[in-house]
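Comments concern the structure below.
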Amino acid sequence: MNSGDFVYIEYTARISDTGEIFDTTKKEVAKEAGIFDEKIKYGPLPLIIDAGFTIPGLNEALKEMQVGEKRKVLIQPEKAFGERNEDLVRLIPESKFIEQGVDVIPGSYVMINNLRGKIVSVDGGRVKVDFNHPLAGKTLEYEVEIVKKIEDKIEKIKAVIDFFTSIEDANVEIKDKEVEIELRFGVEGRVKAAIASQIMKWIEGIEAVKFFEIFKKNVE
């Protein structure tokens, strides 16, 4: 694969030391591993090579693969979610959580100053919160397959929409250098901006992206 290629991949990801599965595109594997989530759409994942859609180590591996190829990839922390940083483990007064009506429960996650952290312990009115990524410091193992390469421009645009929203059936039309995208339900402005940015960056000849929504009267 080359930089800018649009592909669909299937994968199962494990923590190398324990063999614990923490992510997969396959519904049955997720169920067997006890990580199934009804809110997640399972199936091949669309991504663009070198667009930052996945961790660096997996991106590098995909660049060495071909469509239909399956590979096991061992990814060290520096090319996954980074090494652990003890400076990101902080003690915060319990009163700060009480003021905001947040239950202080060890093992739960909280958002503080736009940072997501895990409550490690509560002791003497102080709460220890770990803001490291849960997989920081872990060596990961991916079983990955490139199932399809996308060549058609419309399909590429739909793949970008799918990646950011899980919407597979958006109506897309290209008019000269402009793309018109009809979405069937509301998508946040920042998500639309991300979609538009990736389309204009990675799809040749597209200089503008227009979004619109249609609301129809229910007729019995």
Over 12 foreign heavy atoms within 6.0 Å of CD, Gln66: no
Before accepting this row, confirm whether a basic side-chain N of the pair Glu143/Arg14 lies closer than 4.0 Å to the acidic partner's carboxylate O. yes
Sidechain-backbone polar pair: Asp37 side chain, Lys39 backbone, donor-acceptor under 3.5 Å: yes
Please report the closest heavy-atom contact between Ser166 and Lys41, naming both atoms and the distance. O-CD, 4.0 Å
Quick check on the hydrophobic clustering: are Met200 and Leu183 connected, directly or via other members, by side-chain heavy-atom contacts under 4.5 Å? yes
Steps toward side chain to side chain contact (heavy atoms under 4.5 Å, CB included) verdict (Leu47, Asn59): CA-CA 10 Å; Leu47 57 80; Asn59 183 78; 5.7 Å; no
Counting only heavy atoms not in Lys72, do more than 12 fall under 6.0 Å of its NZ? no
May I ask you to decide if the ring planes of His133 and Phe81 are parallel, tilted or perpendicular, using 30° and 60° as cut-offs? parallel
For the CD atom on Glu204, are there more than 12 heavy atoms of other groups (residues, nucleotides or ligands in this structure) within a distance under 6.0 Å? no
Give me the one residue out of Leu62, Val29, Asp23, Val73 that meets side-chain contact (heavy atoms from CB on, under 4.5 Å) with Tyr11. Asp23
So NZ of Lys26 and NZ of Lys31: to nearest 0.5 Å the spacing works out to 15.5 Å
Has Asp162 got a side-chain atom pairing as donor or acceptor with Glu168's backbone, closer than 3.5 angstrom? no
Once rounded to the nearest 0.5 Å, what's the spacing between atom CG of Asp103 and atom CD of Gln100? 12.5 Å
Cluster link Ile181 to Phe163, ILVMFWY, side chain under 4.5 Å: yes
With a 4.5 Å cut-off on side-chain heavy atoms, are Ile55 and Leu140 touching? yes
Show the nearest heavy-atom pair for residues Ala80 and Pro56, with the distance to one decimal. O-CD, 4.2 Å
Shortest non-hydrogen contact from Tyr8 toward Ile150: CE1-CD1, 3.2 Å
Can you confirm whether Lys153 is buried at NZ, in the sense that more than 12 heavy atoms of other residues, nucleotides or ligands lie under 6.0 Å from that atom? yes
Taking the side chain as every heavy atom from C-beta outward, state whether Phe22 and Pro134 have any atom pair closer than 4.5 Å. no
Specify whether Phe164 and Phe53 have parallel, tilted or perpendicular ring planes, treating 30° as the upper limit for parallel and 60° as the lower limit for perpendicular. perpendicular
Identify, with sequence neighbours excluded, every residue that meets side-chain hydrogen bond (donor to acceptor under 3.5 Å, both in side chains) alongside Asn2. none
Hey, quick one: are Met1 and Leu58 part of the same hydrophobic cluster, counting side-chain heavy atoms closer than 4.5 Å, chains of contacts allowed? yes
Flag side-chain contact, heavy atom, 4.5 Å: Pro77 against Thr139: yes
Got a sec, which residues hit side-chain contact (heavy atoms from CB on, under 4.5 Å) with Thr165, two or more places apart in sequence or on another chain? Ile161, Ile167, Val187, Val191, Ile195
Would Lys128 and Asp123 pass as an ion pair if we require N to O under 4.0 Å? no
Members other than Ile92 in its cluster, when Ile, Leu, Val, Met, Phe, Trp, Tyr link by side-chain heavy atoms under 4.5 Å? Leu88, Phe97, Val102, Val104, Val110, Ile112, Leu115, Ile119, Val122, Val127, Val129, Phe131
For Lys138, look at atom NZ and say whether over 12 heavy atoms of other residues, nucleotides or ligands are found less than 6.0 Å away. no
I want to check something: taking the side chain as every heavy atom from C-beta on, are Val209 and Ile157 in contact at a cut-off of under 4.5 Å? no
Looking only at heavy atoms, the pair that brings Met111 and Asn114 closest together is CE-C, 3.6 Å
Can you name the closest pair of heavy atoms from Glu178 and Glu180 and give their distance? OE2-OE2, 3.9 Å
For the hydrophobic clusters of this structure (ILVMFWY residues joined by side-chain heavy atoms under 4.5 Å, transitively), does one cluster hold both Ile49 and Val67? yes
Results of side-chain hydrogen bond (donor to acceptor under 3.5 Å, both in side chains) for Ser108 - residues two or more places apart only: none
Taking atom CG of Asp169 and atom CD of Glu182, what is their separation to the nearest 0.5 Å? 9.5 Å
Here the gap from Phe6 atom CZ to Trp202 atom CH2, rounded to the nearest 0.5 Å, amounts to 8.5 Å
Single-linkage hydrophobic cluster, 4.5 Å side-chain cutoff, Tyr42 and Val7 together: no
Given side chain to side chain contact (heavy atoms under 4.5 Å, CB included), test Lys210 with Lys175 step by step and report yes or no. CA-CA 11 Å; Lys210 181 188 296 183; Lys175 296 181 178 179; over 6 Å; no
Closest non-hydrogen atoms of Ala159 and Pro46, given as atom of the first, atom of the second and distance, are O-CG, 3.4 Å
Just how far is it from atom CD of Glu145 to atom OG1 of Thr12, taken to the nearest 0.5 Å? 10.5 Å
How would you list all residue pairs meeting salt bridge (Lys or Arg N to Asp or Glu O under 4.0 Å) that involve residues 45-68, not counting sequence neighbours? Asp50-Lys63, Glu60-Lys79, Glu64-Arg71
If a pair satisfies salt bridge (Lys or Arg N to Asp or Glu O under 4.0 Å) and one of its residues is in residues 86-97, list it, with sequence neighbours excluded. Arg84-Glu86
I need the single residue from Ile146, Thr25, Val144 that forms a side-chain contact (heavy atoms from CB on, under 4.5 Å) with Glu10. Which is it? Thr25
Mind checking the CG-OG1 spacing from Leu45 to Thr54? Nearest 0.5 Å is all I need. 7.5 Å
